[in-house]
Peer 1: 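Got a structure here, written out as structure tokens. Questions coming.
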Amino acid sequence: MNCCIRLFATFIALSLIIASILNPIAASSNMGREIEIDGLAVDKEGRGVAVKLKIAITRGNGSVIVSEKASADVVVSANFSSWMAARIAHTRHNDFNYIIKIPENIDVSGLSATLLFTLAFTLLLRGDQWDGLSTGTGLVAPNGIIGNVSGLRQKYEVAVRAGYRRVLAPYYPSMREEYYYPVVTIIDAYEKFSGRMLLPRYDARFEELLRDIPANVLKIFDAAWEQHFNKSMILIERINQLGLNRISSLYYSIGLKSLNESIKYRSLKQYYTAASRAFYAYWNILSSYIISEFYEGAFKANKWIDYYLGNLTTIKALIEKALNDSISELTLYRLDVLLNVLERYYDSIILFERAKDVAEKGVTEQNILYFATNMSMALARLDTAGQWLKLLYLNVSSPKIDLNVLRSVLEDEMGLLKSFAKFLEVYGYIDAEDYVNSLLSFMNISSNEITVFSRILWLQRDLSNVILSDPRYALLSDLIYEDLRRDIVRLLEYYHMYYSTILPSGYTALEFYITTENESLATLSTALLNLLVYGKILEYSVNEIQACTKQYNIVISQDYYGLLSLLAIAVIAALVIGYILGRFSGEVISSEKRLFKEIE
């Protein structure tokens with residue numbers, strides 16, 4: 001009996017030792033985690049400088065705390081990085097505080113630490129290990145594309161001298177150094193930074209599966225091709241009656257070329273590309289027709305405005321019905337379709353407003369091109385919104401999305417959008433915040449969770465494309481396109497493998513890029529943006545949390561370390577109880593022994 005009690009006491013003691021080890025971990029996790037890492041900068045003399053930073057997270061309310069001596073642009077960079085990290089880590093931004101400590105004797109300024117801040121915050125939020133051998137420099141756009149910074153070679157050299165063996169930075173063609181790791185997307189950057197995979201590895205065989213799109217989806221894209229093709233042919237007949245001039249003939253020839261391309265892609269059964277080329281043909285031929293009308297004296301701006309508003313009324317009614325139909329039975333597939341519908345709808349409205357402004361001032365020979373191209377694109381874009389709506393009513397298996405989940409994610413995405421607007425103002429786009437605020441309230445459609453969410457992502461896409469078009473931001477190359485394409489494939493593979501769903505925006509972006517070799521990041525980067533945000537939506541969905549955490553070891557923002565603390569307290573309580581029981585049992589046994597001796 002005494003031996004058993006001793007074993008029990010030993011077990012309790014060992015448990016206490018384990019608890020004493022776990023408890024500091026639990027305490028530190030409740031209080032937060034911290035890493036020390038070198039930020040890379042260039043001083044006034046053009047020399048590379050490694051700045052020792054302490055980057056931490058704690059439980060909190062979303063505050064971003066940066067050392068007082070940091071410049072305003074560093075604070076803006078840190079703020080935007082905290083929102084990006086919360087998206088990648090699939091955590092609620094305002095569950096944590098984000099802290100950056102900079103040595104007091106060093107003046108730091110600029111936006112080039114945005115990538116490093118994002119990676120460090122993501123690492124801490126996810127709870128991944130870090131070997132201390134990686135650092136980075138670069139900008140980040142909301143769509144996840146990494147952007148250029150100055151002084152890359154000097155930063156690389158000082159990083160290597162400081163002992164880093166993976167220096168992550170934007171693609172730069174003349175850099176071939178051993179420890180330089182060019183990164184294109186935030187996914188690519190995080191995996192190289194942490195050594196942890198966020199997604200399944202790229203497998204070229206999966207791309208064959210991507211081409212196996214359901215027949216009912218292809219049928220809708222084929223119908224879209226037919227609609228734009230027929231409209232183009234009607235316009236061609238009318239143009240032949242009006243006649244062409246030097247200006248209208250340019251748009252006409254571009255339209256005919258695109259129309260012929262659409263026929264070729266349709267014969268190859270690449271229906272989305274065929275529809276896209278027919279769309280491009282339609283708006284160019286329509287532009288040609290409007291210009292021809294103007295020079296032949298048959299042009300009336302109000303006729304085109306009324307025609308557009310009539311189409312808008314019809315499409316708007318269909319969209320509002322689709323939103324009402326979807327709000328109670330929202331799935332990821334339906335959300336993806338609706339985001340594509342609303343993206344085209346918003347584009348159309350903006351283009352129409354530009355044409356309308358010209359009409360109100362009076363259409364002249366100097367501005368007819370501007371009116372014609374914006375009006376024709378607005379009409380064509382509105383048509384495609386209606387075509388995408390048809391995808392909504394297909395029977396496609398896809399995980400359900402709770403509206404409370406969507407509300408939670410859209411709050412974070414709104415925070416990310418507004419923080420990026422401030423980032424852009426520091427970068428040089430002075431009116432970015434005003435632009436965002438004006439467009440958030442501009443779109444004339446009923447507001448619910450889906451439409452608000454779509455506006456936020458539409459603006460993130462728009463602002464990302466603005467910065468991507470800046471020659472300072474990215475050096476475009478085959479490497480960038482290929483890496484971006486591969487990450488989209490991996491994301492689609494993830495959703496296909498673990499959620500058994502197709503997402504038209506990703507598939508169509510890949511097909512359009514592959515078939516046309518479109519040298520524009522817009523289509524691919526928009527798909528990447530949507531696919532990144534979908535991951536957070538699914539992670540928040542109650543039915544999906546357990547599956548996701550098992551597959552990718554994603555850290556959910558619940559306080560598991562608090563449970564460890566409770567366990568440690570329970571063990572201590574058990575120790576006290578065991579000690580008391582042990583003493584009591586010992587005293588009883590001793591009394592029994594004395595009694596036996598007396599009896600003997």
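Each residue takes its place number in the sequence, starting with 1.
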Peer 1: What residue pairs, at least two apart or across chains, pass side-chain hydrogen bond (donor to acceptor under 3.5 Å, both in side chains) with a residue in residues 235-246?
Peer 2: Asn245-Ser248
Peer 1: If you look only at pairs with a residue in residues 363-383, which of them pass as a ring pair (Phe, Tyr, Trp, His ring centres under 6.0 Å), with sequence neighbours excluded?
Peer 2: Phe299-Phe371
Peer 1: Could you tell me whether Asp306 and Lys300 have a side-chain N and a carboxylate O separated by less than 4.0 Å?
Peer 2: no
Peer 1: Which residues satisfy the salt bridge (Lys or Arg N to Asp or Glu O under 4.0 Å) test with Asp188, sequence neighbours excluded?
Peer 2: Lys192
Peer 1: In chain order, what residues pass the side chain to side chain donor-acceptor pair (under 3.5 Å) check against Asp462, with sequence neighbours excluded?
Peer 2: Tyr435
Peer 1: Looking only at heavy atoms, what is the nearest atom pair of Leu392 and Val337, with distance?
Peer 2: N-CG1, 3.9 Å
Peer 1: What salt bridge (charged side-chain N to carboxylate O under 4.0 Å, His left out) pairs are there with at least one residue in residues 426-439, not counting sequence neighbours?
Peer 2: none
Peer 1: What residue pairs, at least two apart or across chains, pass salt bridge (charged side-chain N to carboxylate O under 4.0 Å, His left out) with a residue in residues 386-397?
Peer 2: none
Peer 1: Tell me every residue that passes salt bridge (Lys or Arg N to Asp or Glu O under 4.0 Å) with Lys269, counting only those two or more places apart in sequence or in another chain.
Peer 2: none
Peer 1: Sub-3.5 Å donor-acceptor pair from the side chain of Tyr495 to the main-chain atoms of Leu531, do we have one?
Peer 2: yes
Peer 1: For a quick test of your reading: what N or O donor-acceptor pairs under 3.5 Å do the side chains of residues 279-287 make, sequence neighbours left out?
Peer 2:
from: Asn284; atom 1: ND2; to: Tyr280; atom 2: O; distance (Å): 2.9
from: Ser287; atom 1: OG; to: Trp283; atom 2: O; distance (Å): 2.8
from: Ser287; atom 1: OG; to: Ser376; atom 2: OG; distance (Å): 2.5

Peer 1: Test of understanding: with salt bridge (Lys or Arg N to Asp or Glu O under 4.0 Å), list the residues that count as partners of Lys219, not counting sequence neighbours.
Peer 2: none
Peer 1: For Arg490, give me all partners under side chain to side chain donor-acceptor pair (under 3.5 Å), at least two apart in sequence or on another chain.
Peer 2: Glu191, Asp487
Peer 1: Taking salt bridge (charged side-chain N to carboxylate O under 4.0 Å, His left out) as the cut-off, I'd like each qualifying pair that reaches into residues 498-508, sequence neighbours left out, listed once.
Peer 2: none
Peer 1: So, using salt bridge (Lys or Arg N to Asp or Glu O under 4.0 Å) as the criterion, who are the partners of Glu482 when residues are at least two apart?
Peer 2: Arg485, Arg486
Peer 1: Within a 6.0 Å radius of atom NZ on Lys418, are there more than 12 heavy atoms belonging to other residues, nucleotides or ligands?
Peer 2: no
